[in-house]
Asks: 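The following block contains the structure, expressed as C-alpha cells.
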Amino acid sequence: MFESLQNGLKSALKTLQGKARLTESNMREGLKLVEQSLLEADVGLDVVRDFMGRVTEKAVGEKVLLALDPTQQVVGIVRDELITLLGGPAEPTIKLKAGLNIFMLCGLQGSGKTTTCGKLSTLLMKSKQSVMLCAADLQRPAAIEQLHIIGKQLGVPVFSKPGEQDPVKVCQEAVEEAKKKDVTVLILDTAGRLAIDEELMAQLKRIDNRVEPDQVFLVVDGMTGQDAVRSAGAFNDALELDGLIMTKLDGDTRGGALLSVRQVTGVPIKFIGTGEHLDALEPFRPEGMAGRILGLGDVLGLVDVVRSAVDEQQAKELEAKLAAGDFTLDDFKKQLKSVLQPGLMMKMLGMLPGMGDLTKMMSGMDAEGGARRLVGIIDSMTPQERRIPKIIDMQRRQRIARGAGVQPQEVNELLKQYNTMAPIMKMMAGQGAGGRMAAIQQLQRSGAFNPGAQLSRPKGDTGKRLSSEEKADLRKKREKELRKKRRGGRD
Ligand SMILES: Nc1nc2c(ncn2[C@@H]2O[C@H](COP(=O)(O)OP(=O)(O)O)[C@@H](O)[C@H]2O)c(=O)[nH]1
Ligand SMILES: [Mg+2]
C-alpha cells in the first residue's frame with residue numbers, strides 16, 4: 001500500500017539519520033524531502049503546506065535539536081501530524097442503536113458501493129448482526145442483479161422491487177420488511193452517476209429526508225486522487241455525511257486522496273477497501289495507517305487480522321505459550337500456516353514494522369507461495385535451530401538455504417522478521433487493548449520500531465526479486481539523488 005510514498009518518506013527521514021548532528025539547515029533539507037514525497041503522492045497542495053508548517057514548527061524547535069535522539073523525535077513528530085491529518089487518534093466505532101439501523105451508501109458510479117454493501121455485511125455478520133440489503137439503484141437493471149448475487153454469496157437477504165421507478169418507495173418498503181424480520185442493519189445500495197449531477201443529488205436527498213438513515217456513508221474511489229477529494233466535498237455539501245469509505249487502496253494507489261480528504265472535507269474516514277474480495281474492508285484507524293505509511297507497522301491492526309484468521313483454540317494455545325515467554329520458530333511456522341489464505345499474508349506483512357523489504361521480496365510471487373517458502377525455510381532447520389534461532393551462523397544459514405532451495409539472504413529476511421515479531425508477540429500476550437497499546441508505545445520508545453535501522457538493503461542485492469524493474473529503477477534514481485544532495489549538504 002502506497003509504496004512510493006512509503007519509500008519517499010523513509011528516504012527523507014533517513015537523510016536525517018546520517019547526520020552527526022541535526023542543525024536547522026540539515027533538518028530543513030530532510031523536511032523538504034518529506035514535502036516532496038507528499039506532493040508526489042498527490043496530496044493536495046494546501047494540505048501539504050499546512051502539514052509541513054506544523055511539522056517544521058515542531059521539528060526545528062530548540063528542544064528537538066538538543067534532544068538525545070533527534071531523528072527519532074522528528075519521526076515521532078511526522079507520525080503525530082500524520083495521525084492528526086488522518087483524523088486523530090480516534091477508534092473507528094460506529095454506534096448501533098437497539099432495533100433497526102439504516103445505513104445509506106452513496107457515491108459515483110464505479111466507486112464500489114455495491115461491493116462495499118457486501119463487505120460491510122461480512123463485517124457486521126462477524127459481530128453477530130442480522131443484515132439486509134436493499135437494491136435502490138434503479139438506474140441500471142444489472143445493478144439489482146449484482147446485489148442479489150452478492151447477497152446469495154453471503155447468505156444475506158436482498159430486498160428489491162422489480163418494476164418500481166421510485167427508489168424512495170423501494171427503500172421505504174425495505175424498511176418495513178426489515179422491521180418485520182428483526183433485521184438490525186439495513187444497507188441501502190443507491191444509484192451513482194459518472195459525475196456529480198443535480199438529478200442524482202436530488203434523488204439522494206429525497207431518500208435521505210424520507211427514509212432517514214442513521215448513517216450516510218460516501219464511498220469514494222481512492223485511485224482517483226484529488227477527484228475523489230472534490231467529489232467528497234460536493235456530496236458532503238448536498239448530504240450531511242457521517243463517514244467516508246475509501247475503496248481501491250490496494251494496488252498502485254498513491255495515497256493522496258486518503259491523506260487529503262479528511263482535512264479538506266472534515267468528514268471522518270470510517271473504512272478502507274483493500275481488494276475486490278468481500279472480506280477486503282478494514283475499519284480505518286488513523287494511528288495504524290500513519291504507522292504503516294512510515295513503515296512503523298500497525299501492530300493493533302495486525303492483531304485484529306491474526307485474530308480473524310486463526311481459530312480460537314489455536315489462538316488460546318499461542319497466547320499461553322507467549323505468556324510463558326516462548327515464541328519459537330515452530331510457533332512462527334504454525335502462525336504462517338494458519339494465515340495461508342490468499343491475500344492475507346501480504347496484508348499482514350504490510351502491517352509489520354520495518355517489513356517493507358520482505359513484502360517486496362514476496363510481491364513478485366503469489367503471497368501464498370511466499371508464505372510456503374518461509375515455511376519451507378523453517379522446515380530445513382534442525383529442532384534446536386528452531387528453538388534457539390540465535391545459533392544460526394553463516395554456515396548454518398547456508399545449509400538451511402540449500403535445504404530449502406532459497407538464497408541465504410531469504411533465510412536472513414525470515415530471521416529478521418522473526419526477531420521483530422517475537423518481542424512484540426511476547427509483550428502482546430494476555431494484554432487487553434489498553435495494555436497492548438502501552439506495550440507498543442514502550443516498544444516504540446525502545447527504538448524497536450526505528451525505521452532507519454531497518455532501511456539498509458543488503459549489499460549486492462540486484463533487486464531482481466522485485467515485481468517490476470521500474471520499481472528498482474525508481475529507487476536507484478532516488479538514492480542517487482539523495483547521495484548527491486547529501487554531498488552538497490556537507491560543506
Ligand atoms: N481493487 C479493488 N477493487 C474494488 C474495490 N472495491 C470495489 N472494487 C471494484 O470496483 C468495481 C466497481 O464496484 P461496484 O461495487 O460495482 O461500484 P458501484 O458502481 O459504486 O456500485 C468492481 O469491479 C469492484 O470489484 C477495492 O477496494 N479494491
Ligand atoms: Mg452499484
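Numbering of ligands and ligand atoms starts at 1, following listing order.
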Asks: I'd like to know whether ligand 1 has Gly275 as a neighbour, heavy-atom separation below 4.0 Å.
Replies: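 Right, Gly275 reaches ligand 1.
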Asks: Do any N/O atoms on Gly112 end up under 3.5 angstrom from N/O atoms on ligand 1?
Replies: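 Yes; at least one N/O pair falls below 3.5 Å.
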Asks: Do Glu173 and Lys179 sit within salt-bridge range, that is, some charged N less than 4.0 Å from a carboxylate O?
Replies: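 No salt bridge links Glu173 with Lys179.
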Asks: Heavy-atom contact under 4.0 Å between Ser111 and ligand 1?
Replies: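 Within the 4.0 Å threshold, so yes.
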Asks: Using distance alone, decide if ligand 1 has a nitrogen or oxygen within less than 3.5 Å of any nitrogen or oxygen in Lys119.
Replies: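 There is such a contact, yes.
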Asks: Under 3.5 Å, is there a donor-acceptor pair between the Asn101 and Gln215 side chains?
Replies: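 Short answer, no.
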Asks: Looking at ligand 1, is there an atom of it that comes within less than 4.0 Å of some heavy atom belonging to Leu108?
Replies: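 Leu108 counts as a contact of ligand 1 under the 4.0 Å cut-off.
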Asks: Could you find the nearest protein heavy atom to atom 13 (O) of ligand 1 and give me its residue, atom name and distance?
Replies: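 Going atom by atom, the protein heavy atom closest to atom 13 (O) of ligand 1 ends up being Thr115 OG1, 3.4 Å.
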Asks: For ligand 1, is Gly110 a contact, meaning one of its heavy atoms is under 4.0 Å away?
Replies: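 Judged by the 4.0 Å heavy-atom criterion, Gly110 does count as contacting ligand 1.
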Asks: Just distances here: any N/O of Asp189 and N/O of ligand 1 closer than 3.5 Å?
Replies: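 Between Asp189 and ligand 1, no N or O pair is found under 3.5 Å apart.
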Asks: Take Leu239 and Cys106 through the side-chain contact (heavy atoms from CB on, under 4.5 Å) test and state the conclusion after the steps.
Replies: CA-CA 10 Å; Leu239 302 155; Cys106 47; 3.8 Å; yes
Asks: Between Thr265 (side chain only) and Val267 (backbone N and O only), is there a donor and an acceptor less than 3.5 Å apart?
Replies: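 Side chain of Thr265 to backbone of Val267: a pair is present.
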Asks: Could you tell me whether some N/O pair between Gln146 and ligand 1 is separated by less than 3.5 angstrom?
Replies: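 N/O-N/O distance below 3.5 Å exists for this pair.
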Asks: Rounded to the nearest 0.5 Å, what separation is found between the CZ atom of Phe284 and the CG atom of Leu86?
Replies: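 Nearest 0.5 Å value for the CZ-CG distance: 4.5 Å.
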Asks: Is a donor from one side chain sitting under 3.5 angstrom from an acceptor on the other, for Asp137 and Thr190?
Replies: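 The criterion, which ignores hydrogens and geometry beyond distance, is not satisfied for Thr190 and Asp137.
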Asks: Determine whether Ile144 and Pro162 make a side-chain contact, defined as any pair of heavy atoms from C-beta on separated by less than 4.5 Å.
Replies: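 The answer is no; the side chains never approach within 4.5 Å.
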Asks: Going by the atom numbers of ligand 1, which of them fall below 4.0 Å from some non-hydrogen atom of Gly273?
Replies: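 Contacts of ligand 1 toward Gly273, numbered from 1: 27 (O).
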Asks: What protein heavy atom sits nearest atom 9 (C) of ligand 1, and how far away is it?
Replies: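 Going atom by atom, the protein heavy atom closest to atom 9 (C) of ligand 1 ends up being Lys248 CE, 4.0 Å.
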Asks: Could you tell me if any non-hydrogen atom of Asp250 lies under 4.0 Å from any atom of ligand 1?
Replies: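 A heavy atom of Asp250 does come that close to ligand 1.
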Asks: Between Gln226 and Ser260, is any side-chain donor less than 3.5 angstrom from a side-chain acceptor?
Replies: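 Yes.
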Asks: Have Gln109 and Arg140 got a donor and an acceptor in their side chains that come within less than 3.5 Å?
Replies: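 Not at all, the side chains of Gln109 and Arg140 share no donor-acceptor pair under 3.5 Å.
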Asks: What count do you get for protein N, O or S atoms closer to the Mg ion (ligand 2) than 2.8 Å?
Replies: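 Step by step: take the Mg ion (ligand 2), keep protein N, O, S below 2.8 Å, and you get 1.
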Asks: Please say whether Arg140 places an N or O atom under 3.5 Å from an N or O atom belonging to ligand 1.
Replies: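 Such a contact does not occur with ligand 1.
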Asks: Between Lys119 and Asp279 (salt bridge meaning N to carboxylate O under 4.0 Å), is one present in this structure?
Replies: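 Here Lys119 does not pair with Asp279 in a salt bridge, since their nearest N and O are not under 4.0 Å apart.
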Asks: Quick check: closest heavy atoms across Gly222 and Ala257, and the distance to 0.1 Å?
Replies: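 That closest heavy-atom pairing would be O-CB, 4.0 Å.
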Asks: For the pair Thr114 (side chain) and Asp189 (backbone), establish whether a donor and an acceptor sit closer than 3.5 Å, ignoring hydrogens and angles.
Replies: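 Looks like no, no N/O pair under 3.5 Å.
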Asks: Run the numbers for me: atoms of ligand 1, each under 4.0 Å from some heavy atom of Thr274, listed by number.
Replies: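 So the atoms of ligand 1 that pass are 27 (O).
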Asks: So does Lys205 get a backbone contact from the side chain of Asn209, meaning a donor-acceptor N/O pair under 3.5 Å?
Replies: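 Confirmed, Asn209 side chain pairs with Lys205 backbone.
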